[in-house]
Amino acid sequence: MQQDTVLVVGGGPAGLAAAANVNSAGYKAVVVEKEDVLGGAPILSGYAKLVPSGEWAKDAIGRMVKRVEDDANSTVHKGAKVEKLEGEAGNFTATLTNGESVQAGAVVLATGFTHFDSINKPEWGFGTYEDVLTTTQMEQMVASGKIACPSDGRVPERVCILLCVGSRDRQIGREWCSKICCTVSANLAMEIKEISPETDVFIYYMDIRTFGLYEDKFYWKSQEEFKTKFVKARIAEVTASGDGRLLVKGEDTLVKRPIVIPFDIVVHAIGMDPNADNPEISQVFGVGLEKHGFLERAEQYTNTCGTTRKGIYSCGAAYGPETIDDSIAQGAAAGGRAVADLHALVQKAG
Amino acid sequence: MATYAEMQQIFDDIRGDFRYDHELNGCLNCGICTATCPSAQFYDYSPREIVQLLWTENVEQIYDAMQEKIWACAQCMTCAARCPFKNSPGGLVAIMREVAIKHEMQSAKDVLRPFGRVMLKLITTGNQLSPDMIQPDHFPDWGPNIQKVEGDLRILRKAIPVKTLQTVETAWEVSLKTSVEMYTIWEMTGVLKSLELMDENLFDVIEDFIDEKREDYEDWLEEQEEEDDE
Ligand SMILES: Cc1cc2nc3c(=O)[nH]c(=O)nc-3n(C[C@H](O)[C@H](O)[C@H](O)COP(=O)(O)OP(=O)(O)OC[C@H]3O[C@@H](n4cnc5c(N)ncnc54)[C@H](O)[C@@H]3O)c2cc1C
Ligand code: SF4
Ligand code: SF4
Ligand code: SF4
């Protein structure tokens with residue numbers, strides 16, 4: 001009975017929302033997640049408090065995981081991928097890497113993104129200096145409740161966050177904005193200050209994209225209540241000073257002169273790359289990729305949840321940089337659309 | 001001071017260069033180019049400013065920048081390697097300099113005058129620089145180290161094991177054929193025309209020299225043919 005089952009690939013916020021919506025319509029969901037835990041990036045990378053709710057990731061996403069795991073109509077395969085997909089819309093058979101096979105009428109690809117690897121931007125010091133971190137590492141430090149320099153454990157006097165690391169940069173073939181990192185960074189600055197009041201946080205930006213309701217809640221609040229300093233400059237290089245601090249070199253574009261400023265910790269606000277698995281996913285599922293390497297949408301307005309192949313849907317960060325909230329909304333929509341199309345198929349056949 | 005129409009013409013010439021659209025895609029105003037630019041560390045010069053002036057078509061300020069600022073660029077192209085938008089501020093400066101020459105701007109003449117010596121050497125010997133040009137009064141920036149090249153250059157050069165490096169008036173020898181080919185390249189690419197605009201006296205000297213060399217070359221070719229006929 002594949003026509004009452006939807007195969008959901010990827011157990012992040014988008015996939016969990018898709019599975020839950022499939023279940024709520026009375027259909028069965030089979031979730032295939034390649035890692036050993038569900039929850040996607042917020043859980044796998046140990047995010048601290050989420051934007052915009054302020055809830056801890058493990059609580060918020062944990063509720064989504066529990067909802068799916070507790071549903072009798074959901075089956076979860078962890079540590080597995082889809083190796084082969086045969087059939088067509090209404091009648092797919094997927095072979096998993098764990099040897100099992102799944103019959104499903106529709107497939108939702110909720111395979112998300114891959115964090116940008118800062119090693120690809122060597123002039124910004126990641127991998128060279130211990131006190132250069134990524135936002136995911138800094139989130140983990142915040143979650144641990146103690147702000148300290150990894151090199152020697154001292155409490156940092158000055159921390160800076162460099163925005164757009166691995167985004168908006170033709171030199172490394174990343175021509176997109178990752179959408180959420182401005183807000184995440186403004187939030188992170190507040191979290192750092194909250195735990196370590198003696199630490200000053202500076203954010204180096206090209207543009208601030210705290211879109212919609214994030215403007216006052218994050219950009220303004222971070223300045224007004226937490227004294228975060230926003231400097232309009234993109235950094236050219238991070239080097240070390242003789243005394244164990246980091247030197248950050250940029251242009252203060254408002255004052256129009258090159259500047260070199262010492263910091264104790266430099267944080268890269270890393271962007272969202274297309275899932276490194278996408279070429280494989282494109283092959284296995286027979287779906288197209290758009291020019292940046294994310295999954296291609298079937299049609300922007302009338303088939304927003306579709307891919308280039310009938311019966312295969314997508315959602316969330318698999319389509320491009322996306323927030324958790326929108327990934328969830330898209331996941332729910334994709335699950336709903338898959339169920340609706342299956343329902344129509346059965347009606348027609350009946 | 002130029003009229004607005006003249007300044008507009010200068011900008012049109014810059015914008016009309018076939019490289020222009022390749023070097024300038026827009027600008028994110030991020031400042032990476034200026035932060036990474038060696039000249040910006042020492043001079044009142046900023047590649048981002050140059051890019052912004054061009055992108056916003058500020059013809060008066062572009063003209064102003066061509067009086068002094070554009071000559072501060074070292075043409076190292078670090079900016080081009082770093083710009084996240086893949087602009088080439090250094091490449092734009094190169095275009096602006098060529099247009100400054102075309103318009104016979106005084107700033108170009110002032111900056112290029114000291115290079116006359118190099119130009120002459122290049123045309124007459126095919127080398128930009130030779131040991132006998134390295135004299136203490138021409139290289140104050142070398143500091144006391146310049147003393148080391150004083151003395152008998154011929155003997156100093158002998159110490160270099162590579163055979164071609166033992167002359168004093170040239171760095172190496174350039175054949176007549178190569179020289180004549182170089183003249184044709186300079187002629188066709190407009191280098192000699194630029195030289196004429198910048199320094200007419202030097203151009204006359206060089207032109208005579210080139211004519212002479214070309215005649216030498218023709219004679220040599222004839223000799224070859226005669227030898228072949230025998
Ligand atoms: C540093 C940082 C902080 C962030 N903080 C916030 C925040 O506070 N608020 C917010 O709204 N957004 C935040 N985001 C964005 C957020 O991470 C994404 O919106 C969200 O993770 C997207 O969910 P997703 O389910 O589409 O993808 P993912 O979270 O990437 O989940 C995809 C899942 O699919 C699995 N998978 C991948 N490939 C395969 C495969 N081939 N087979 C099987 N399974 C596979 C993965 O293991 C993963 O579990 C942040 C992003 C970054 C980089
Ligand atoms: S959201 Fe902000 S930090 Fe992230 S890529 Fe866009 S502009 Fe840069
Ligand atoms: S090419 Fe010119 S503008 Fe560019 S970095 Fe070098 S000196 Fe600066
Ligand atoms: S590096 Fe490029 S994008 Fe940034 S200011 Fe310079 S020219 Fe503009």
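None of these values were measured; they are calculated from a predicted model.
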Note to self: For E198(A), is the CD atom crowded, meaning more than 12 foreign heavy atoms sit under 6.0 Å from it?
What the structure shows: yes
Notebook entry, point to check: Given P84(B), which of R174(A), R168(A), R234(A) fulfils the side-chain contact (heavy atoms from CB on, under 4.5 Å) condition?
Noted result: R234(A)
Item checked: I235(A), part contacting chain B, at a heavy-atom distance under 4.5 Å -> backbone
Next item on the list: Mind checking the CG-CG spacing from D207(A) to L28(B)? Nearest 0.5 Å is all I need.
Entry: 7.5 Å
Margin query: Please determine whether the number of non-hydrogen atoms from other residues, nucleotides or ligands lying under 6.0 Å from atom CD of Q128(B) exceeds 12.
Written below: no
Margin query: Tell me whether the count of non-hydrogen atoms from other residues, nucleotides or ligands lying under 6.0 Å of CZ in F115(B) goes above 12.
Written below: no
Margin query: Would you say that more than 12 heavy atoms from the other residues, nucleotides or ligands in this model lie under 6.0 Å from the CG of L213(A), or not?
Written below: no
Item checked: From E251(A) atom CD to C30(B) atom SG, the distance as rounded to the nearest 0.5 Å -> 8.5 Å
Next item on the list: Would you mind checking which part of R48(B) comes under 4.5 Å of any heavy atom in chain A, side chain (CB onward), backbone (N, CA, C, O), both or neither?
Entry: side chain
Margin query: Quick check on E175(A) against chain B: is it the side chain, the backbone, both or neither that has a heavy atom closer than 4.5 Å?
Written below: neither
Item checked: From CD (E237(A)) to CD1 (I32(B)), nearest 0.5 Å -> 9.5 Å
Check: So which part of D44(B) gets closer than 4.5 Å to some heavy atom of chain A, the side chain, the backbone, both or neither?
Finding: both
Next item on the list: Specify the closest pair of heavy atoms between A35(B) and A236(A), including all atoms of both residues, with the distance to one decimal.
Entry: CB-CB, 3.6 Å
Next item on the list: State, to 0.1 Å, how close A40(B) and P258(A) come at their nearest heavy-atom pair, and which atoms those are.
Entry: O-CG, 3.7 Å
Item checked: Atom pair CD (E49(B)) and OG1 (T253(A)), whose distance is rounded to the nearest 0.5 Å -> 12.5 Å
Checklist line | F203(B) CZ: over 12 foreign heavy atoms closer than 6.0 Å | finding: yes
Check: How about E68(B): does its CD atom have over 12 heavy atoms from other parts shown lying under 6.0 Å from it?
Finding: no
Next item on the list: Step through the shown structure and confirm whether more than 12 heavy atoms of other residues, nucleotides or ligands are within 6.0 Å of NE2 on H22(B).
Entry: no
Notebook entry, point to check: If you measure from NZ on K256(A) to OG1 on T34(B), what distance do you get to the nearest 0.5 Å?
Noted result: 10.0 Å
Checklist line | Trace of the side-chain contact (heavy atoms from CB on, under 4.5 Å) decision for K249(A) with Q41(B) | finding: CA-CA 11 Å; K249(A) 185 169 161 189; Q41(B) 299 287 329; 3.7 Å; yes
Margin query: Is T36(B) in contact with chain A via its backbone, its side chain, both, or neither, using a 4.5 Å heavy-atom distance?
Written below: both
Item checked: K109(B) atom NZ: more than 12 heavy-atom contacts under 6.0 Å -> yes
